[in-house]
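These numbers were taken from a predicted model, which means no experiment stands behind them.
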Amino acid sequence: MKDIHIIRSGFLSVNSLVVPVCGNKVFVVDPAASASSRDSGKIVNYLKEKKLECIAVILTHTHFDHVTGIAEIKEAFPAAVVAVHEAEKKELDHGPGPMNISILGSFGMNQILEEISKQPLPDFLLKDQLTLDNLFKKVDVVKMPAFAEIKKEISQWTVIHTPGHSPGSICIYNEAEKVLISGDTWFDGAYGRTDMYGGDEDTLQQSLSKVWKIVKSGTMVYPGHDMHFKTS
């Protein structure tokens, strides 16, 4: 697997990740660039410049700062499958949902609610231990060249449900490549805050223990903010 490309974008400098699959196919994690954060096109322009095709958008969770770029990706790549954990379906179900309404209200950022309401509905609901090849079971494989290779490569990514920062927070893990995309669950020497709507400290500690038992030493971790790091 080639290196994951990090595009820092959105309101709170989210690590929007471009993850290679095979050939020119990629999936994007937590696209945050949008007109309201004054970086519209930052992700899509990169993909087009590099002649990459986005086949999926994976959300580690649905906090406002991680989701405002979904619509731009879908406009540029209509076939891309948008996936979110089933516990946070309501946040994008003709959203914004209760979590973002509460958080943005407490931050005094209610103007962003309209931006969230423009985001498309999820196409697929993720569950714990699901591999990402399941996203494409209903896709017309005739319209996706090299589907067998795509399925083989993307099946190496496994969903780990890690609630605590939010109810539907996930990490996605590629054991073969020793790569973990941790969202806001795990940072270098820190972890996601739990004092917002939907957060819970005890639950997050349980989630971190779960991840630490699964992830092997020497794994490269790509969090939702800040720098990536390697586990000891």
Side-chain angles (χ1 to χ4, degrees), residues 1-8 10 12-21 26-32 56-63 65-67 83-89 91 99 103 124-135 152-232:
M1 184 179 72
K2 297 179 182 177
D3 290 339
I4 292 173
H5 182 73
I6 301 171
I7 301 175
R8 291 185 171 86
L12 300 179
S13 191
V14 168
N15 289 335
S16 299
L17 305 177
V18 179
V19 183
V21 179
V26 300
F27 63 88
V28 174
V29 179
D30 293 349
V57 174
I58 311 297
L59 303 176
T60 63
H61 62 299
T62 58
H63 282 166
D65 53 321
H66 289 253
V67 303
V84 65
H85 190 270
E86 58 186 355
E88 292 185 18
K89 175 190 175 184
E91 292 298 318
M99 183 168 66
I103 292 170
F124 191 91
L125 299 180
L126 300 169
K127 298 180 180 181
D128 191 46
Q129 297 305 306
L130 195 77
T131 53
L132 292 190
D133 56 308
N134 284 280
L135 273 64
K152 177 183 176 183
E153 293 298 322
I154 205 165
S155 67
Q156 296 185 68
W157 290 96
T158 302
V159 174
I160 307 173
H161 183 209
T162 55
H165 178 64
S166 70
S169 284
I170 63 166
C171 299
I172 51 174
Y173 181 42
N174 188 323
E175 182 178 1
E177 298 288 345
K178 286 192 170 183
V179 175
L180 179 79
I181 295 172
S182 64
D184 285 2
T185 294
W186 186 15
F187 303 106
D188 189 7
Y191 53 87
R193 59 189 293 181
T194 59
D195 59 335
M196 299 184 293
Y197 183 102
D200 183 84
E201 179 75 18
D202 290 341
T203 301
L204 182 53
Q205 292 298 332
Q206 293 170 18
S207 292
L208 288 169
S209 295
K210 174 183 176 180
V211 171
W212 293 336
K213 290 176 182 177
I214 294 171
V215 173
K216 293 184 175 180
S217 175
T219 294
M220 187 63 72
V221 181
Y222 290 84
H225 304 271
D226 304 328
M227 296 298 295
H228 51 294
F229 59 96
K230 187 172 286 189
T231 61
S232 57

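Looking at His5, its side chain never comes within 3.5 Å of a backbone N or O of Ser16 through a donor-acceptor pair. Using modelled atom types, no side-chain atom of Thr203 and backbone atom of Gly199 make a donor-acceptor pair closer than 3.5 Å. Formation of a donor-acceptor pair under 3.5 Å by the Thr231 side chain with backbone atoms of Lys216 is found in this model. Remark: side-chain polar atoms of Asn15 are paired, donor with acceptor, to backbone N or O of Asp226 under 3.5 angstrom. Judged by distance alone, with hydrogens and angles left aside, the side-chain atoms of Ser13 form no donor-acceptor pair with the main-chain N or O of Arg8 at under 3.5 Å. The backbone N or O of His165 sits nowhere less than 3.5 Å from a side-chain atom of Thr194 that would complete a donor-acceptor pair. Counting only distance, with no hydrogens or angles, the side chain of Lys178 and the backbone of Ser217 share a donor-acceptor pair below 3.5 Å.
Taken to the nearest 0.5 Å, the CD atom of Glu201 stands 11.0 Å off from the CD atom of Gln206. Rounding to the nearest 0.5 angstrom, the gap separating the CG atom in Leu126 from the OG1 atom in Thr131 is 10.5 Å. The distance from atom CG of Leu130 to atom CG of Asp128, rounded to the nearest 0.5 Å, is 9.0 Å. Here the straight-line distance linking atom OG1 of Thr60 with atom NE2 of His85 works out to 12.0 Å at 0.5 Å rounding. Between the CD1 atom in Ile154 and the CG atom in Asn134 there is a gap of 10.5 Å [rounded to 0.5 Å]. The distance from the CD1 atom of Ile103 to the CD atom of Glu91 is 7.5 Å, given to the nearest 0.5 Å.
Smallest separation of non-hydrogen atoms from Gln156 and Ala176: OE1-CB, 3.0 Å. Minimum interatomic distance between Trp186 and Ser182 (heavy atoms only, all atoms of both residues): O-OG, 2.8 Å. Summarising the geometry of Ile172 relative to Ile58, their closest heavy-atom pair is CD1-CG2, 4.4 Å, with the distance given to 0.1 Å. Contact detail for Leu204 and Gly192: the closest heavy-atom pair is CD2-O, 3.1 Å. Of all heavy-atom pairs spanning Val179 and Tyr173, the tightest one is O-CD1, 3.3 Å. Across every non-hydrogen atom of Gly198 and Pro167, the tightest pair is O-CD, 3.4 Å.
When each of His63, His61, Glu88 is paired with Ser166, the side-chain hydrogen bond (donor to acceptor under 3.5 Å, both in side chains) condition holds for Glu88 and for no other.
With 3.5 Å as the limit, one finds a donor-acceptor pair spanning the side chains of Asp184 and His66.
When the shell of 6.0 Å around NZ of Lys210 is examined, it contains more than 12 heavy atoms from other residues, nucleotides or ligands. By the neighbour-count criterion of 12 heavy atoms within 6.0 Å, atom CZ of Phe124 is densely surrounded, having more than that number from other residues, nucleotides or ligands.
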Checklist entry - Does the pair Val26 and Val19 meet the rule for a side chain to side chain contact (heavy atoms under 4.5 Å, CB included), with working shown? => result CA-CA 5 Å; Val26 300; Val19 183; 5.9 Å; no

Checklist entry - Would Ile160 and Leu180 satisfy side chain to side chain contact (heavy atoms under 4.5 Å, CB included), going step by step from the backbone distance to the final call? => result CA-CA 10 Å; Ile160 307 173; Leu180 179 79; 4.3 Å; yes

Checklist entry - Going through the distances and angles, do Glu177 and Trp157 end up as a side chain to side chain contact (heavy atoms under 4.5 Å, CB included)? => result CA-CA 9 Å; Glu177 298 288 345; Trp157 290 96; over 6 Å; no

Item to check | Derivation and outcome, side chain to side chain contact (heavy atoms under 4.5 Å, CB included), residues Val14 and His225 | outcome: CA-CA 5 Å; Val14 168; His225 304 271; 3.5 Å; yes

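Contact check for Leu59 versus Pro31: side-chain heavy atoms found under the 4.5 Å cut-off. Ile181 is listed as a side-chain neighbour of Ile4, based on a closest heavy-atom distance under 4.5 Å. You'll find the side chain of Val67 stays beyond 4.5 Å of the side chain of Asp30, heavy atoms only.
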